[in-house]
Amino acid sequence: MRDVRDVLKEYIDNNNLLRASIARKSKMTPDKFSNILNKRRKLEANELFLICGVLGVTPDGLMHYGCKNNKAS
């Protein structure tokens, strides 16, 4: 099973999104967001929902991102 933090990092990088902007829109500091993406901190469910809302993707769509023939929905 893939770690949601790895998928999130891949999604952000592949779509050329600004991490600091996503962090602020998700109501967290860029440092906290960086710690999540680099697995120095756990990602709480409520944070995942906020981040997905900012990205315009569902948590399920995010987890299927990058899978063969699938894109985030």
Side-chain angles (χ1 to χ4, degrees):
M1 178 172 222
R2 300 184 330 163
D3 188 310
V4 68
R5 295 169 294 183
D6 291 332
V7 180
L8 184 58
K9 195 174 189 178
E10 179 183 352
Y11 184 88
I12 291 168
D13 292 345
N14 288 347
N15 289 287
N16 298 315
L17 303 174
L18 297 176
R19 294 178 183 191
S21 177
I22 296 167
R24 283 190 287 277
K25 290 177 183 177
S26 300
K27 303 189 185 338
M28 64 179 77
T29 65
D31 284 341
K32 183 177 182 179
F33 191 61
S34 177
N35 285 335
I36 290 169
L37 293 178
N38 292 307
K39 298 183 183 177
R40 292 187 294 259
R41 184 182 178 287
K42 290 183 179 182
L43 174 60
E44 296 178 15
N46 61 326
E47 294 168 335
L48 175 61
F49 285 109
L50 283 170
I51 294 165
C52 285
V54 168
L55 297 176
V57 65
T58 65
D60 187 55
L62 181 66
M63 285 309 296
H64 287 95
Y65 178 78
C67 292
K68 189 175 182 178
N69 297 325
N70 285 323
K71 294 235 177 195
S73 53

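Note that the structure is predicted; figures quoted are calculated from it, not measured.
Atom CZ of Phe33 is separated from atom NZ of Lys25 by 11.5 Å, given to the nearest 0.5 angstrom. Separating the CZ atom in Phe49 from the CD atom in Glu44 is a distance of 12.5 Å, to the nearest 0.5 Å. Expressed to the nearest 0.5 Å, how far CD of Glu10 lies from CG of Asn15 amounts to 9.5 Å. Taken to the nearest 0.5 Å, the CG atom of Leu43 stands 8.5 Å off from the CG atom of Asp3. Atom CZ of Arg40 is separated from atom CG of Leu37 by 9.5 Å, given to the nearest 0.5 angstrom. Taken to the nearest 0.5 Å, the CG atom of Leu62 stands 7.0 Å off from the CG atom of Leu55.
The cluster map of Ile, Leu, Val, Met, Phe, Trp and Tyr, joined by side-chain heavy atoms under 4.5 Å apart, puts Val4 and Ile12 in the same cluster. A chain of hydrophobic side-chain contacts below 4.5 Å, direct or via other Ile, Leu, Val, Met, Phe, Trp or Tyr residues, connects Leu48 to Tyr11.
Without hydrogens or angle criteria, Arg2 side chain to Met63 main chain gives a donor-acceptor distance under 3.5 Å.
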Could you walk me through whether Lys9 and Ile36 pass the side chain to side chain contact (heavy atoms under 4.5 Å, CB included) check?
CA-CA 10 Å; Lys9 195 174 189 178; Ile36 290 169; over 6 Å; no

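Ser26 and Val54 get closest at one heavy-atom pair: OG-CG2, 3.5 Å.
Among Arg41, Arg5, Met28, the one residue that satisfies the side-chain contact (heavy atoms from CB on, under 4.5 Å) test with Asn35 is Arg41.
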